[in-house]
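To start, the structure itself, in C-alpha cells.
Note that the structure is predicted; figures quoted are calculated from it, not measured.
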Amino acid sequence: MTVERGLGRHLRWIVPLLLIPLSIVIFGMIALMALPSSDGPGLAWLVVVAGLCTAVAPIVFMILTITGAQKTYRMSALYGRKVQKRNEIQARRMEQQIVAEGGPRCDFEARTIARVQATHWCETLLRGEALSASENFNINLEPGESLVDQYRAKYARFYGQDVTYRTAGTIAMGSPLFVIGAMIGSSVGNANARAQAQRQAAAQWREIQYVDVLVTDRRLIIPVGGRMLSFYYNALAAFYPDLDAMTLTLDFGDNTEPLQLFSPNIAATSVLIVRQLKGADGLRNHPAIKSISDRAVTA
C-alpha cells in the first residue's frame with residue numbers, strides 16, 4: 001500500500017467540502033436574480049434549473065467529500081499501521097491454526113531459527129564439510145547415506161485424475177410448459193454435474209496433509225498413507241525454492257507427480273538440494289537462496 005504524505009492529499013475532500021456552501025450561494029443567487037423577471041419561458045426554466053442545482057449540487061459535493069476523505073484515510077500512515085496490525089493478527093491466528101491441525105510452527109521465531117539453520121548449513125557445505133548426521137532407528141538408510149534433518153511440513157502432490165459422473169434423463173408428461181421446464185431443469189443439472197466433474201478432474205494440488213519429512217544427503221523420505229516414499233535429488237527435473245513463502249516445489253519430470261512442501265525448514269533443505277545438484281558455485285549464486293548465501297561466513 002502506497003502511503004501519501006503532505007497537506008496536498010487532503011485537497012480531494014477539502015475542495016468538494018468548500019464547494020457545498022459555495023454551490024448553494026451561487027445557484028441560489030442565480031435563481032433569485034432570475035425570479036423577479038421570470039415571465040418568459042426561458043427565465044422560468046432558468047429558475048427551475050437553478051433551484052434544482054441548489055438542492056442537488058450540495059449532495060453531489062457531499063458524496064465527493066466523503067469518498068475523498070475515505071481515500072485520503074486509506075492512503076494515510078495511520079490506516080497503513082491499522083492494516084498491518086490486522087494482518088499480523090490474522091497471520092498469528094493462521095499460524096496457531098496450522099499448529100493445532102498438526103502442522104509446523106510458522107511464527108517469527110520458527111522462521112528465524114530455520115534461517116539460522118539454513119545459514120549454518122550453507123557455511124558448512126561451502127567449506128566442503130559434511131552436515132551433522134542423526135540417528136533414526138526406524139529408517140533403513142542406504143549404505144553411506146546420512147540423515148541430517150527431520151521436521152513437520154504440509155505435503156501436496158500435483159496431478160489430474162479421471163472422474164465419472166452420471167447424466168439424468170428426463171421423462172415428463174403434462175402441458176407443453178411443464179415438459180419444457182422439465183427439459184431445461186434436466187439440462188441445467190447435467191451441465192452442473194459435467195462442470196463439477198471437470199473441476200475435479202483438472203490437474204491441481206491434491207493429497208494435502210501434514211507429514212514428517214526426513215532429510216538425508218540423497219533424498220527426502222516422507223511417510224504417506226502407511227508407506228515411506230522416497231524423493232531422490234538426482235531424479236529432479238526442476239526445483240523451485242521460495243523461502244519467503246516457505247514452500248519448496250520439486251518437479252520429477254515423467255518419473256512421478258510434482259511435490260510441494262510448506263514449512264520454514266525448507267530453507268535448509270533448499271540449501272542442501274542446491275549444493276547436491278549445482279555444487280558450491282550454485283550454492284553461492286542461486287537466486288532462490290541468495291539471502292542465505294550472502295549471510296554465510298566461510299572463513
Side-chain angles (χ1 to χ4, degrees), residues 91-125 129-142 145-158 205-236 239-252 256-277 283 286 288-289 291-293 295-296:
R92 285 195 295 270
R93 289 176 179 172
M94 185 175 297
E95 292 163 0
Q96 294 171 357
Q97 181 180 357
I98 291 174
V99 174
E101 293 175 352
R105 283 183 55 198
C106 301
D107 54 25
F108 177 77
E109 181 182 0
R111 295 195 300 270
T112 302
I113 293 173
R115 291 295 182 105
V116 171
Q117 179 193 18
T119 304
H120 173 67
W121 280 25
C122 187
E123 294 170 348
T124 301
L125 294 172
E129 301 174 1
L131 299 175
S132 299
S134 58
E135 291 285 345
N136 188 312
F137 296 100
N138 298 319
I139 304 299
N140 184 24
L141 298 177
E142 298 174 349
E145 185 179 15
S146 299
L147 179 66
V148 295
D149 198 10
Q150 180 175 348
Y151 53 84
R152 295 287 289 177
K154 179 183 282 188
Y155 164 98
R157 305 294 296 278
F158 189 83
W205 291 109
R206 304 176 184 274
E207 303 180 28
I208 299 173
Q209 56 190 291
Y210 293 112
V211 298
D212 290 316
V213 178
L214 293 91
V215 182
T216 79
D217 54 352
R218 301 179 186 178
R219 55 179 166 156
L220 300 178
I221 304 173
I222 303 176
V224 178
R227 297 183 302 161
M228 302 298 290
L229 304 182
S230 293
F231 302 92
Y232 286 85
Y233 308 142
N234 58 11
L236 283 169
F239 60 100
Y240 308 95
D242 189 338
L243 304 191
D244 292 333
M246 297 181 287
T247 60
L248 173 61
T249 305
L250 305 179
D251 184 354
F252 295 90
T256 188
E257 295 86 1
L259 162 70
Q260 185 176 85
L261 298 175
F262 168 83
S263 173
N265 299 85
I266 62 96
T269 303
S270 301
V271 167
L272 176 59
I273 292 176
V274 170
R275 174 61 181 84
Q276 299 298 76
L277 298 182
L283 198 56
H286 197 290
I289 61 169
S291 60
I292 300 297
S293 59
R295 292 199 302 265

Side chain to side chain, C122 and L283, heavy atoms closer than 4.5 Å
yes
Where is the tightest heavy-atom contact between V224 and V211, given as atom of each residue plus distance?
CG2-CG1, 4.2 Å
Within the 4.5 Å heavy-atom criterion, are T249 and W205 side-chain neighbours or not?
yes
Holding to side-chain contact (heavy atoms from CB on, under 4.5 Å), I want the full list of residues that pass it with E109, two or more places apart in sequence or in another chain.
R105, D107, I113
What one should report as the nearest heavy-atom pair of M246 and P264 is SD-CG, 3.6 Å
Can you sort out the partners of D244 under side-chain contact (heavy atoms from CB on, under 4.5 Å), two or more places apart, ordered by chain and number?
R115, D242
What distance separates R295 CZ from H120 NE2, expressed to the nearest 0.5 Å?
14.5 Å
Would you indicate whether Y232, at its atom OH, is surrounded by more than 12 heavy atoms from other residues, nucleotides or ligands within a distance under 6.0 Å?
yes
Which heavy atom of I98 sits nearest to which heavy atom of P104, and what is that distance?
CG2-O, 3.4 Å
Would you say the side-chain atoms of T216 pair up with the backbone N or O of R218, donor to acceptor, closer than 3.5 Å?
yes
Euclidean distance, Y155 OH relative to L229 CG, rounded to 0.5 Å
5.0 Å
Between atom OH of Y210 and atom CZ of R152, what is the distance when rounded to the nearest 0.5 Å?
9.5 Å
Hey, does I222 have a side-chain heavy atom less than 4.5 Å from the side chain of M228?
no
Looking at every non-hydrogen atom in both residues, tell me the closest pair between I221 and S230 and how far apart they are.
CG1-OG, 4.3 Å
Begin with the C-alpha distance, continue with both residues' side-chain angles, and end with the deciding distance and a verdict on side-chain contact (heavy atoms from CB on, under 4.5 Å) for R219 and E142.
CA-CA 11 Å; R219 55 179 166 156; E142 298 174 349; 4.0 Å; yes
Output the distance between atom CZ (F239) and atom NE2 (H286), rounded to the nearest 0.5 Å.
4.0 Å
Is there a side-chain contact (heavy atoms from CB on, under 4.5 Å) between V148 and L272 once you walk through the steps?
CA-CA 10 Å; V148 295; L272 176 59; 4.1 Å; yes
I'd like to know whether L131 forms a side-chain contact (heavy atoms from CB on, under 4.5 Å) with D217, so could you lay out the CA-CA distance, the side-chain angles of the two residues, the decisive distance to 0.1 Å, and finally the verdict.
CA-CA 8 Å; L131 299 175; D217 54 352; over 6 Å; no
With side-chain contact (heavy atoms from CB on, under 4.5 Å) as the test, would you mind laying out the steps for V274 and L125 before giving the verdict?
CA-CA 10 Å; V274 170; L125 294 172; over 6 Å; no
Kindly write out the residues that satisfy side-chain contact (heavy atoms from CB on, under 4.5 Å) with Q117, not counting sequence neighbours, or none if the list is empty.
W121, D149, N265, A268
C106 side, atom SG; Q96 side, atom CD - distance, nearest 0.5 Å:
12.0 Å
Apply side chain to side chain donor-acceptor pair (under 3.5 Å) to Y151 and list each qualifying residue two or more places apart in sequence or on a separate chain.
T269
Partner residues of F252 under the side-chain contact (heavy atoms from CB on, under 4.5 Å) criterion, sequence neighbours left out
F231, A235, L236, L250, N255, T256, L259
Using a 4.5 Å cut-off on heavy atoms from C-beta on, say whether the side chain of V213 contacts that of S263.
no
Beyond-backbone contact of F158 with Q260, side-chain heavy atoms, under 4.5 angstrom
no
Within residues 263-274 or reaching into it, pairs that qualify as salt bridge (charged side-chain N to carboxylate O under 4.0 Å, His left out) - sequence neighbours excluded
none
Heavy-atom nearest pair, P241 first then S270, reads CB-OG, 3.4 Å
Starting at CG of L261, measure out to CD1 of I266 and round the result to the nearest 0.5 Å.
8.5 Å
Exercise: identify the closest heavy-atom pair between P223 and L214
CD-CD1, 4.2 Å
